[in-house]
Amino acid sequence: MAKQQITVPDIGGAEGAEVIELLVAPGDEIELEQGLLVLESDKASMEIPATLAGKILQVLVNVGDELSEGHPIVVVETADGAVGDGDAGGDKEDVAPAEPTAKPAKESAAEASTAEDEQTDAADGSSAETQSTENAEAREITVSVPDIGTDEAVDVIELSVKPGDEVAEGDSLVVLESDKASMEVPSPQAGKVVRMLVKEGAAVREGDPLVLLESTVEAAADEPAAGAEAAAEKPQASKTEPTAQREPAPQARAEAAAGKAEPAPAAATSDDSLVYAGPAVRKLARELGVDLAKVAGSGPRERVLKEDVQGFVQRALSGKAPAAATGSGIPAVPEVDFSAFGDVETVPRTKLDKLTAANMQRSWLNVPHVTQFDDADITELETFRKSMKAEAEQRGTRLTPMPFLLKACAHALRDNPKFNASVTADGENLVYKQYVHIGMAVDTPVGLMVPVIRDVDRKSLWELADEVVELAEKARERKLKPAEMQGGCFTISSLGNIGGNGFSPIVNTPEVGILGVSRAAVKPVWDGEAFQPRTLLPLSLSYDHRVINGGDAGRFCTQLVTLLGDIRRLLF
Ligand code: CAO
């Protein structure tokens, strides 16, 4: 029997991460990788896994304690007599195996094999780890966060795989989400998931390790050339692909941040998967039957805390907030059993769909919307545009109405700066942007995306035409980087290729205006003497009435109509 101590591993530099849940108690028998406790920093919650199997003799921390790397957590009695029976943490031989893999696997593997020569450690609690480390040397690769086009941290919102899963090249491993979009990280090659190096809810940056994979590509010995080359070239193949590292260097940090990877809970497919909350809070919510999506978070970045869940339940019980109300007090739509009326099929929504829904609801609830409608006479614009079709083809681009709309909006934004502003959260100030970046809503098979075209006011029609084509394509192939969806001042949502006479778009907060464009049609227009056939383009301008007045909107819309009616004016 040996007493050994397990300490807090490298938790990615987080200082003073709070113990929010203890998962073990003295007397418990624990297995390798079993969760010991849950730590929560301001960035992420992480379950700290056991690096030894055995019996818990002592738990050295309490809920609420703030821990940093190296802090002792538990004393474990291992069944391993070979290690000795020194005090927890006192004896080097005892402590070393108890610590998480704090070194690159290569180093550990080398040490392990040296140690093998010096001592018999077959029964050592770390033997399983050593074995896996040797495998890592030979066949394991660490899949990291690819170039996501931003230095900002993005959230891991979904673990699409779990340890033991077989994956094919291109299979989604995890889903990352920034403020604007979600993005799947595909497997760089076929293999088996050894370990998840990150937890749902963690905040990660480019290069952070995500998944430890055991490659099965090398196993295809019959086709060595194709398989091996593919694997070797993968890391440099494309900037947007995940980084596959032969050296699992940042393993210690990753393991720590990951804790014991859990299979995604069934609840992950419900709306509360979008809620920022730690595992302990999710567990509590599950136990109490609380829908986390309805609980307002009072923690940093609106993180839902245990107290929020408890408060929600108390209010529901005391009748102050009806149980059937959402977090904002709005009565929930009653659940209906549609199968009572006929056959139904229930399909989980995509993350992007749910994210869009959350953004739309937030905008709709926060922004007093008004929509102004008008028609632009684009007869001459269309004549000119069609005359340029051949040239556009020669240039390898397409000249749709969109580049003209972008140009006209850039002019109107410049002349009506309130539309190019945002209101500060406290409502005290307006932030006027000195740049004109315009978002373009793109309808994709997985949902709505809004790439942003930068400096529209400084670009030519051809440049804009190229960008419209390129960004719409990237959006549909889910290749947009978060940076390409950030920084918009105003949005254009064109349903012109689909149809309709008009619609009222929802402002894409924190922007204050959005232009809806419907299908142009030839209609009779009275010129004072006769009806003339003119091509009319229906426009609908929605705006945030906290910032924009009807007069501002009237001027903006009228200017748009004038510019599109006579595109020579775009020259000024
Ligand atoms: N009236 C009539 N025809 C129109 C038109 C309009 N307002 N707008 C575009 N068209 C025509 C184009 O000219 C093109 O025909 P030609 O090739 O003969 O010129 C055809 O429709 C297809 O255009 P497109 O859609 O491929 O290109 P686009 O530049 O007009 O639009 C994009 C690009 C990405 C905005 C569009 O494809 C799209 O995804 N729109 C949907 C946006 C959306 O979903 N909004 C709702 C958001 S809120 O839920």
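Counting convention: from 1, in listed order, for ligands and their atoms alike.
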Would you mind running through ligand 1 and noting each atom that sits below 4.0 Å from a heavy atom of Met402? 29 (O), 35 (C)
Which atoms of ligand 1 are found less than 4.0 Å from any heavy atom of Leu537?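 Those of ligand 1 that fall under 4.0 Å from Leu537 are 7 (N).
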Against Glu380, only a single residue in Arg569, Arg385, Arg534 fulfils salt bridge (charged side-chain N to carboxylate O under 4.0 Å, His left out); can you say which? Arg534
Closest candidate by heavy atom, reference [atom], pool [options]:
{"atom": "atom 18 (O) of ligand 1", "options": "Arg398, Lys389, Met449", "value": "Lys389"}
{"atom": "atom 6 (C) of ligand 1", "options": "Ala392, Pro451, Gly496, Ala475", "value": "Gly496"}
{"atom": "atom 37 (O) of ligand 1", "options": "Lys386, Arg519, Arg476", "value": "Arg476"}

Residue-ligand contact Ser518/ligand 1, heavy atom below 4.0 Å: yes
For Tyr435, what residues pass the ring-ring contact (aromatic ring centres under 6.0 Å, His included) criterion, not counting sequence neighbours? His437
[atom]: the protein heavy-atom neighbour that sits closest, reported with distance to 0.1 Å:
{"atom": "atom 44 (O) of ligand 1", "value": "Asp443 CB, 3.4 Å"}
{"atom": "atom 29 (O) of ligand 1", "value": "Thr400 OG1, 2.6 Å"}
{"atom": "atom 33 (C) of ligand 1", "value": "Val468 CG1, 4.4 Å"}
{"atom": "atom 25 (O) of ligand 1", "value": "Asn497 ND2, 2.8 Å"}
{"atom": "atom 45 (N) of ligand 1", "value": "Ser493 OG, 2.8 Å"}
{"atom": "atom 19 (O) of ligand 1", "value": "Arg385 NH1, 3.0 Å"}
{"atom": "atom 40 (N) of ligand 1", "value": "Ser494 O, 2.9 Å"}

Right, does atom 42 (C) of ligand 1 have protein non-hydrogen atoms nearer than 4.0 Å? yes
So is Ala520 polar-close to ligand 1, meaning N/O to N/O under 3.5 Å? yes
Are the side chain of Asn549 and the backbone N or O of Gly551 linked by a donor-acceptor pair below 3.5 Å?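 Not confirmed, Asn549 side chain does not pair with Gly551 backbone.
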State whether the side chain of Lys407 and the backbone N or O of Lys459 hold a donor-acceptor pair below 3.5 Å, judged by distance alone.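 Checking the backbone N and O of Lys459 against the side chain of Lys407, a donor-acceptor pair under 3.5 Å is found.
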Is it the case that the side chains of Ser542 and Ser504 hold a donor-acceptor pair, with the cut-off being a distance below 3.5 Å and no angle test?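 Side-chain D/A pair, Ser504 to Ser542: absent.
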Side chains of Glu511 and Thr491: do they bring a donor and an acceptor to under 3.5 Å?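 Yes, a side-chain donor-acceptor pair sits under 3.5 Å.
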Between Leu213 and Ser187, is any pair of side-chain heavy atoms under 4.5 Å apart?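 With C-beta onward as the side chain, the pair touches.
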Are the ring centres of Phe556 and Phe490 closer than 6.0 Å? yes
Any residue meeting salt bridge (charged side-chain N to carboxylate O under 4.0 Å, His left out) with Arg454, in chain and number order, not counting sequence neighbours: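 With sequence neighbours excluded, Arg454 shows a salt bridge (charged side-chain N to carboxylate O under 4.0 Å, His left out) to no residue whatsoever.
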Return yes when atom CD of Glu477 has more than 12 non-hydrogen atoms of other residues, nucleotides or ligands closer than 6.0 Å, and no otherwise. yes
Side chain, backbone, both or neither: the part of Leu399 lying under 4.0 Å from ligand 1 by heavy atom: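 Answer for Leu399: neither.
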